[in-house]
Colleague: 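First, the structure itself, so that you have it in front of you.
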Protein chains: 2
Amino acid sequence: MDMKVKEVAELVGVSIRTLHHYDQIGLLTPKEITDSGYRLYSEENLETLQQILFFKELGFTLKEIKKIINSPLFNRQEALILQRKMLIEKRKKVDKMIETIDKTIKHMAGEIQMTNEERFEGINVGFNQFEEEARRRWGNQSIDEINAKLKGMSKDEQNDLSDRWDMIFNKLACLRNQSPESQEVQATIKQWYDFLNENFSKYSLDAFYGLGQLYINDERFTKNIDQYGEGLAKLMSEAMEVFTNNQIRGGSNENNN
Amino acid sequence: MDMKVKEVAELVGVSIRTLHHYDQIGLLTPKEITDSGYRLYSEENLETLQQILFFKELGFTLKEIKKIINSPLFNRQEALILQRKMLIEKRKKVDKMIETIDKTIKHMAGEIQMTNEERFEGINVGFNQFEEEARRRWGNQSIDEINAKLKGMSKDEQNDLSDRWDMIFNKLACLRNQSPESQEVQATIKQWYDFLNENFSKYSLDAFYGLGQLYINDERFTKNIDQYGEGLAKLMSEAMEVFTNNQIRGGSNENNN
DNA sequence: ATAGAGTATTACGTTACGTTAGAGTCAATA
DNA sequence: TATTGACTCTAACGTAACGTAATACTCTAT
């Protein structure tokens, strides 16, 4: 099932060096390394690679891509949907360029006039709203950034933050036996949501949902969170899902029994 | 009418540094330089820049682009038409990628199966027939036999050689409609003969004749040479035959009408 | 057991600019 | 007229994402 470099390279159409490189910079680490040092890539590695190549095609740097796919907020499905949007934008851009070429040809034939702005339409649109969206969505939100934020704060401020963080988690840990939909849990989850928005960059509801998913999908998070109490990660992710659903279905008028 | 760097940069959406760079490498030299050393770009410069950006968008390197737009064979309208074709191919590629994303999303939802090949469709098509066509049409090609020789030379020497080589072939390609005996063709063939003798092992006239025959008998040569222009191999081999005959029959007294 | 195809690491090369740094230029204004 | 602020220049080092050897180990098939 596992594949060696050459196989992968030929399958996806990149060079072996590229795979080595991605490994070197920690962008795509093969799931396994044999005793003799051979890289073995898994199915999951291929999926990640697919993501990487999509983002690359859309003009992101490897560093950005690394941040994106390592981000606590990263959600594969969401990424795919955004990529789809971006590709449609790209197609529009290509259409614009074709149009510009057609105009230029006509212009050369003396059929029409062209302004200088017109002749660069499509070429200069240096990437659109969705790229922005993606950067906002995952780019800024890396762990490094949180750390950086912490660095810029005084000891007291840090402690304060850390205390409030702790409080919320401890509170939730106490509520582990309750259902994710319960009033108390939901109230605390709201505190968590507000806390994040207050202290870090804006979390959209989508992002918040994605974060919750991460808590059960990314082992690093699960482990960390479950230190507050066995099963807390699971509870939180479920509660966060309920929370986002309720919010989306219109303010807070809905029942959370 | 003439524009300074910043104006151009803002109009077309590239950095000032990019314009400096293009000037440095001789890709886009501003039409005029003021006494104080300011670059002034003309209308024509803008047109060239448009071409450059189109080719860049289509994945050509600056070196390739330079060769293309400096080539004696270069024709702006022809280029635009080819670029149009390439853009349409690119749109197809984008469509394919969108399709792949849709499939992937469905796949994740468990609705459909996907092969590994499928999941990389659109991403890996490393650029199509038209790129090939463009490279054949204007670009240079690799001559493996010569590479060994080139290895022993410095980079500058290599480039110099390659440029002269290119010049000769391009010149001949322009003369394709003339007869092999014509003055111009024969003069250029002499340049070719001298060039070979100067830079590679001594070509006796017999050897030169043999080389000419090779151009039509060995498909690899024919293909390579015809990249400069359809039928060039045939013309050259005929012209080389005429050349050797003339040389052997004593100096240059014979007619070459 | 030996060749041939594949793989690894190391390290320098390359492309297309980005990014200062230091200094001159130009037009409007005080 | 002097000054200021936006603009320009060259020079030179920095960076990203690999390419391209060079050298050495590994695996498999004969």
Side-chain angles (χ1 to χ4, degrees), chain A residues 2-41 45 49 52-68 123-124 126-127 139, chain B residues 2-30 32-41 49 52-68 123-124 126-127 139 142 144 147-148 150-156 158-159 162:
Chain A
D2 291 344
M3 302 168 73
K4 283 185 278 185
V5 268
K6 204 194 176 191
E7 293 178 82
V8 177
E10 278 170 1
L11 172 63
V12 313
V14 301
S15 73
I16 291 176
R17 177 68 233 262
T18 299
L19 293 174
H20 284 172
H21 185 58
Y22 289 176
D23 188 5
Q24 244 177 28
I25 65 174
L27 178 58
L28 180 65
T29 316
K31 187 141 199 177
E32 206 185 324
I33 304 255
T34 69
D35 294 342
S36 46
Y38 284 23
R39 286 171 246 264
L40 293 182
Y41 292 85
N45 284 147
L49 184 51
I52 292 170
L53 295 183
F54 268 120
F55 276 115
K56 225 189 75 181
E57 179 77 20
L58 292 168
F60 291 85
T61 70
L62 297 188
K63 198 183 278 183
E64 286 174 323
I65 297 174
K66 188 179 172 185
K67 280 203 171 190
I68 289 176
I123 318 183
N124 57 350
F127 249 124
Chain B
D2 290 346
M3 303 167 74
K4 282 186 279 183
V5 267
K6 204 194 176 191
E7 293 178 82
V8 177
E10 278 171 0
L11 172 63
V12 312
V14 302
S15 73
I16 292 177
R17 177 67 232 263
T18 299
L19 293 174
H20 284 174
H21 184 58
Y22 290 177
D23 188 5
Q24 245 176 28
I25 64 175
L27 178 57
L28 181 64
T29 316
E32 206 186 324
I33 306 254
T34 69
D35 293 343
S36 46
Y38 284 23
R39 293 172 177 80
L40 294 182
Y41 292 86
L49 184 51
I52 292 170
L53 294 182
F54 267 121
F55 276 116
K56 223 189 78 180
E57 179 77 21
L58 293 168
F60 291 85
T61 69
L62 297 188
K63 199 183 278 183
E64 285 173 324
I65 297 174
K66 188 180 171 185
K67 283 209 172 188
I68 289 176
I123 319 183
N124 57 350
F127 248 126
S142 64
D144 307 328
N147 283 346
L150 290 178
K151 262 194 177 170
M153 308 173 73
S154 80
K155 271 266 142 15
D156 282 343
Q158 281 185 34
N159 280 332
S162 166

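Naming: A, B, ... by sequence-line order, numbering from 1 per chain.
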Colleague: Starting at CD1 of I52(A), measure out to NZ of K66(A) and round the result to the nearest 0.5 Å.
Modeller: 11.0 Å
Colleague: Are L19(B) and Y41(B) close enough that some pair of their side-chain heavy atoms sits under 4.5 Å apart?
Modeller: yes
Colleague: Give the rounded distance in Å between these two atoms: CE of M3(A) and P of dG6(C).
Modeller: 14 Å
Colleague: Tell me the interatomic distance from L19(A), atom CG, to dG19(D), atom C1', rounded to whole angstroms.
Modeller: 14 Å
Colleague: Which whole-number value in Å describes the distance from H20(B) NE2 to dC13(D) C1'?
Modeller: 17 Å
Colleague: What's touching nucleotides 5-7 of chain D from the protein side, N or O pairs under 3.5 Å?
Modeller:
unit_1 : atom_1 : unit_2 : atom_2 : d
dC7(D) : OP1    : K6(B)  : NZ     : 2.9
dC7(D) : OP2    : K6(B)  : NZ     : 3.1
dC7(D) : O2     : Y38(B) : OH     : 3.4

Colleague: Sequence neighbours excluded, which residues qualify as salt bridge (Lys or Arg N to Asp or Glu O under 4.0 Å) partners of K56(A)?
Modeller: none
Colleague: Go through residues 28-36 of chain A and report each residue with a non-hydrogen atom lying under 4.0 Å from DNA chain D, sorted by number.
Modeller: S36(A)
Colleague: Taking only residues two or more places apart in sequence, or in another chain, which ones meet S15(B) in a side-chain hydrogen bond (donor to acceptor under 3.5 Å, both in side chains)?
Modeller: T18(B)
Colleague: Between R39(B) and dT8(D), is there a side-chain N or O to OP1/OP2 distance below 4.0 Å?
Modeller: no
Colleague: Mind checking the CD-NZ spacing from E7(A) to K4(A)? Nearest 0.5 Å is all I need.
Modeller: 7.0 Å
Colleague: Atom CD of E10(B) to atom C1' of dT8(D): distance rounded to whole Å?
Modeller: 14 Å
Colleague: Dump the pairs, protein N or O against N or O of nucleotides 15-19 of chain C, anything under 3.5 Å, distances to one decimal.
Modeller:
unit_1  : atom_1 : unit_2 : atom_2 : d
dT15(C) : OP1    : K63(B) : NZ     : 3.1
dA16(C) : OP1    : L62(B) : N      : 2.7
dC17(C) : OP1    : K56(B) : NZ     : 3.4
dC17(C) : OP2    : Y22(B) : OH     : 2.8
dC17(C) : OP2    : K56(B) : NZ     : 3.4
dG18(C) : OP2    : S15(B) : OG     : 2.6
dG18(C) : N7     : R17(B) : NH1    : 3.2
dG18(C) : O6     : R17(B) : NH1    : 2.6
dT19(C) : O4     : R17(B) : NH1    : 3.4

Colleague: Tell me the interatomic distance from D23(B), atom CG, to dT10(D), atom C1', rounded to whole angstroms.
Modeller: 12 Å
Colleague: Which donor-acceptor pairs under 3.5 Å do side chains of residues 30-39 of chain A form with protein atoms, sequence neighbours excluded?
Modeller:
unit_1 : atom_1 : unit_2 : atom_2 : d
K31(A) : NZ     : E44(A) : OE1    : 3.3
T34(A) : OG1    : S36(A) : N      : 3.4
T34(A) : OG1    : S36(A) : OG     : 3.0
T34(A) : OG1    : G37(A) : N      : 3.4
T34(A) : OG1    : Y38(A) : N      : 3.0
R39(A) : NH1    : D23(A) : OD2    : 2.5
R39(A) : NH2    : H20(A) : NE2    : 3.4

Colleague: Just the rounded figure in Å: distance from P of dT10(D) to CD of Q24(B).
Modeller: 8 Å
Colleague: About how many Å separate CD1 of I16(A) and CD of E10(A), when rounded to the nearest 0.5 Å?
Modeller: 7.5 Å
Colleague: Using every non-hydrogen atom in the two residues, find where T29(A) and N45(A) come nearest and quote the distance to one decimal.
Modeller: O-ND2, 3.3 Å
